[in-house]
Every structure is written in structure tokens, then in C-alpha cells.
Colleague: 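Below you'll find the structure I mean.
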Amino acid sequence: MTAVVLVHGLYHCPEHFAVVAERLRTAGTEVVVPELHRGSLPADTAAVQAAIDSLGEPPVVLGHSYGGSVITGVRGAGHLVYLAAFVPDAGESAASLGGASPQLQDAISRKPNGSTSLHPDRAVDTLYSGCPRPLAAWAVGLLRAQAPGCGRGVPEHHSWKRTPSTYVVCAQDRAIDPDLQRKMASRCTDVREWQTGHSPFVGQPDLVVELLQELLVTTSPRRRDEGVTTTR
């Protein structure tokens with residue numbers, strides 16, 4: 001398996017994965033980083049599905065935070081990676097699973113049109129704790145306003161029930177409670193725990209690259225129409 005799809009979370013954008021994507025591409029891996037912010041969970045999921053369908057073989061698909069809800073709804077992945085991400089079951093959304101921590105909620109600024117953004121100073125401590133200040137400032141500068149309702153979207157399909165998956169708990173996370181992450185991780189095939197904040201692809205990209213390269217080597221290719229049933 002030689003392809004990876006990287007799926008960002010709310011407020012983020014593909015550029016946040018720039019270092020991870022560059023290092024994987026340098027090593028010969030095909031990398032696609034879809035743009036979300038399509039206005040709804042179904043629209044975001046469709047964008048990622050199109051990216052998966054464009055590849056010649058089932059990729060490793062990583063979803064960060066809200067991106068976990070997105071990758072839950074796709075088909076054709078070879079392996080799923082939930083990075084401090086939501087793992088919804090039937091009828092569940094990111095919001096109903098527990099959603100943002102009180103600290104992240106305090107960082108949210110609500111606009112008259114219903115959209116939200118993050119207060120820059122509070123976003124640094126909440127999303128990029130442990131990052132050097134210049135790096136955190138770069139990441140905050142990329143954050144975008146978010147349309148309302150995405151976090152309340154309910155996936156129509158639950159890929160983790162048939163596709164091998166790895167959950168990465170970020171134990172120093174201030175945006176999504178690590179204990180909530182551990183509960184959601186029980187739905188996945190494998191669990192790792194890192195002593196990082198919410199966004200290791202910014203502060204410690206080597207961890208993300210190494211995990212993805214490991215999965216690229218150890219995950220057996222399979223046809224898109226084959227399902228792998230996992231027992232939990």
C-alpha cells in the first residue's frame with residue numbers, strides 16, 4: 001500500500017498537514033489532502049470519498065478530530081487512523097459523543113450568520129500546546145471560520161465496523177478530553193497513546209509520519225469491494 005489520505009478537522013485546512021505530506025511524498029508515498037469546509041458532514045464526506053476513489057488502491061486514511069466523523073462515512077479505505085478523533089456509531093455525531101472540551105468551547109467566537117471561528121490567543125493554548133510559539137502562530141494563522149452544524153452531522157455508513165483501524169489518543173489534549181478519546185478508541189482495532197496535544201501533525205510530525213509508514217508496510221492491499229470484518 002503506497003497511498004495516504006489526510007483529513008483535517010474543524011477550523012483546520014490541508015496546509016496544516018504540509019510537513020507530514022511533504023515527508024511522506026519524499027519517501028515515495030502518494031498523498032492526498034482533501035479540502036473540507038463544504039458546509040455539512042455529507043458534503044465533507046463526499047469530498048474525501050472522491051479522493052479515495054481517485055487512487056489506484058485502497059489508501060490509509062487518517063482523520064483528525066472532526067475528521068473522524070468524516071472518515072467513518074467513507075468506503076474503500078485499506079486502514080483507518082483516528083487521530084484524537086471522533087468515532088461515531090449509528091445515530092451518533094461528534095457533538096453527541098462529547099464534542100469540544102470546555103477550554104475549546106471557551107475559544108469559540110460565534111458570528112451573527114451562525115458560523116464560528118477561534119480566538120487566536122486561546123487557540124494557541126488549546127490546539128497547539130507544546131508547540132514552539134512561532135510554529136503555533138503559523139498554525140493559528142491558517143485557521144478558518146467554520147459553517148454551523150458539521151459537528152452535529154451523523155454518518156450514514158460506519159467504516160470502522162469493517163475496516164481495520166488505529167486510534168491515537170493524544171494524552172495532553174486540551175480540545176478533546178483524553179478520557180473520551182480512550183472510550184472511543186475501544187471501537188478500533190488497535191490503540192496507541194502519545195504524550196502530545198491535540199495537533200501532533202504540527203508540533204511532532206515525525207510521530208505521524210512514522211505511524212503512517214508503519215501502517216503502509218504492515219497493511220495488506222485488498223480490493224475495494226472486499227470488506228474486513230473485525231470482532232469487538
Side-chain angles (χ1 to χ4, degrees), residues 1-10 12-90 92-94 150-151 153-168 184 187-190 201 205 208-230:
M1 196 175 292
T2 58
V4 169
V5 178
L6 303 173
V7 183
H8 63 80
L10 296 181
H12 286 75
C13 64
E15 288 77 10
H16 283 98
F17 279 115
V19 174
V20 171
E22 179 183 3
R23 292 182 185 178
L24 289 170
R25 287 171 179 144
T26 298
T29 301
E30 184 173 4
V31 182
V32 182
V33 193
E35 173 74 53
L36 301 187
H37 301 290
R38 308 292 174 128
S40 69
L41 176 62
D44 288 341
T45 302
V48 176
Q49 187 66 62
I52 293 171
D53 293 344
S54 72
L55 298 168
E57 60 185 20
V60 174
V61 180
L62 180 150
H64 174 244
S65 197
Y66 159 77
S69 291
V70 177
I71 70 171
T72 291
V74 303
R75 300 175 186 270
H79 195 103
L80 302 168
V81 180
Y82 289 87
L83 177 59
F86 294 98
V87 190
D89 203 342
E92 295 178 341
S93 66
C150 291
V154 176
E156 297 180 0
H157 171 70
H158 301 89
S159 57
W160 55 265
K161 294 184 177 182
R162 293 186 60 82
T163 302
S165 57
T166 298
Y167 196 103
V168 179
M184 295 188 290
R187 296 174 171 177
C188 295
T189 312
D190 181 40
F201 47 89
V208 182
V209 172
E210 289 167 6
L211 173 61
L212 292 171
Q213 290 178 329
E214 173 191 335
L215 294 173
L216 287 166
V217 170
T218 60
T219 302
S220 299
R222 57 191 178 88
R223 298 199 318 270
R224 290 186 184 276
D225 59 350
E226 289 179 327
V228 175
T229 301
T230 57

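Just the heavy atoms: all of them, side chains too, but no hydrogens, waters or symmetry mates, feed the values below. Computed from a predicted model, the values in this text were never measured in an experiment.
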Colleague: Decide side-chain contact (heavy atoms from CB on, under 4.5 Å) for Leu216 and Thr2; before the verdict, give the C-alpha distance in whole Å, the side-chain angles of both, and the deciding distance to 0.1 Å.
Modeller: CA-CA 6 Å; Leu216 287 166; Thr2 58; 5.6 Å; no
Colleague: Indicate yes or no for a side-chain donor-acceptor contact from Trp160 to the backbone of Pro88 under 3.5 Å, with no hydrogens or angles considered.
Modeller: yes
Colleague: Provide the closest heavy-atom pair for Ser159 versus Leu80 in the form atom of the first, atom of the second, distance.
Modeller: OG-CD1, 3.2 Å
Colleague: Grab the two heavy atoms, one from Gly67 and one from Val7, that are nearest each other, plus how far apart they are.
Modeller: CA-CG1, 4.0 Å
Colleague: Sub-3.5 Å donor-acceptor pair from the side chain of Ser165 to the main-chain atoms of Thr189, do we have one?
Modeller: yes
Colleague: Excluding sequence neighbours, so at least two apart, what forms salt bridge (charged side-chain N to carboxylate O under 4.0 Å, His left out) with Glu35?
Modeller: Arg144
Colleague: What are the two closest non-hydrogen atoms of Gly76 and Pro58, and how far apart are they?
Modeller: O-CB, 3.3 Å
Colleague: Is it true that Arg75 and Asp53 make a salt bridge, defined as a side-chain N closer than 4.0 Å to a carboxylate O?
Modeller: no
Colleague: Decide yes or no for Pro59 and Val4: does some side-chain heavy atom of the first lie under 4.5 Å from some side-chain heavy atom of the second?
Modeller: no
Colleague: Who passes side chain to side chain contact (heavy atoms under 4.5 Å, CB included) against Ala50, sequence neighbours left out?
Modeller: none
Colleague: Report the residues that fulfil ring pair (Phe, Tyr, Trp, His ring centres under 6.0 Å) with His8, sequence neighbours left out, ordered by chain and then residue number.
Modeller: His37
Colleague: Would you compute the distance between atom CG of Asp89 and atom CE of Met184 and round it to the nearest 0.5 angstrom?
Modeller: 12.5 Å
Colleague: Run the side-chain donor-acceptor check on residues 15-30: report pairs under 3.5 Å with partners two or more places apart or on a different chain.
Modeller:
residue: His16; atom: ND1; partner: Cys13; partner atom: N; Å: 3.2
residue: His16; atom: ND1; partner: Cys13; partner atom: O; Å: 3.4
residue: His16; atom: NE2; partner: Tyr128; partner atom: OH; Å: 3.4
residue: His16; atom: NE2; partner: Ala139; partner atom: O; Å: 2.8
residue: Arg23; atom: NH1; partner: Asp206; partner atom: OD1; Å: 2.1
residue: Arg25; atom: NH2; partner: Val31; partner atom: O; Å: 2.9
residue: Thr26; atom: OG1; partner: Glu22; partner atom: O; Å: 2.8

Colleague: Checking Arg187 side chain against Val87 main chain: does a donor-acceptor pair fall under 3.5 Å?
Modeller: yes
Colleague: Could you tell me whether the side chain of Leu55 reaches within less than 4.5 Å of the side chain of Val5, counting heavy atoms only?
Modeller: yes
Colleague: Once rounded to the nearest 0.5 Å, what's the spacing between atom CG of Leu10 and atom NE2 of His64?
Modeller: 10.0 Å
Colleague: Taking all heavy atoms of Leu41 and all of Pro155, pick out the closest pair and write down the distance.
Modeller: CD2-N, 3.7 Å
Colleague: Just jot down the side-chain hydrogen bond (donor to acceptor under 3.5 Å, both in side chains) partners of His158, sequence neighbours excluded, or say none.
Modeller: none
Colleague: Listed by chain and number, what are the side-chain hydrogen bond (donor to acceptor under 3.5 Å, both in side chains) partners of Ser69, not counting sequence neighbours?
Modeller: none
Colleague: Which pair of non-hydrogen atoms, one from Gly78 and one from Pro164, has the smallest distance, and what is that distance?
Modeller: O-CD, 3.9 Å
Colleague: To the nearest 0.5 Å, how far apart are CG in Leu62 and CD1 in Ile71?
Modeller: 6.5 Å
Colleague: Kindly give the heavy-atom pair with the smallest separation between Ala47 and Pro34, and that separation in Å.
Modeller: O-CB, 4.3 Å
Colleague: Tell me every residue that passes salt bridge (charged side-chain N to carboxylate O under 4.0 Å, His left out) with Glu214, counting only those two or more places apart in sequence or in another chain.
Modeller: Arg192
Colleague: Would you check, one step at a time, whether the test side-chain contact (heavy atoms from CB on, under 4.5 Å) holds for Leu36 with Val48?
Modeller: CA-CA 8 Å; Leu36 301 187; Val48 176; 3.8 Å; yes
Colleague: Name all residues meeting the side chain to side chain contact (heavy atoms under 4.5 Å, CB included) criterion together with Ala85; count only those two or more places apart in sequence or in a different chain, and write none if there are none.
Modeller: Tyr82
Colleague: Go through the steps for Leu6 and Phe201 under the test side-chain contact (heavy atoms from CB on, under 4.5 Å), then give the verdict.
Modeller: CA-CA 10 Å; Leu6 303 173; Phe201 47 89; over 6 Å; no
Colleague: Using side-chain hydrogen bond (donor to acceptor under 3.5 Å, both in side chains) as the criterion, list what pairs up with Tyr167, not counting sequence neighbours.
Modeller: none
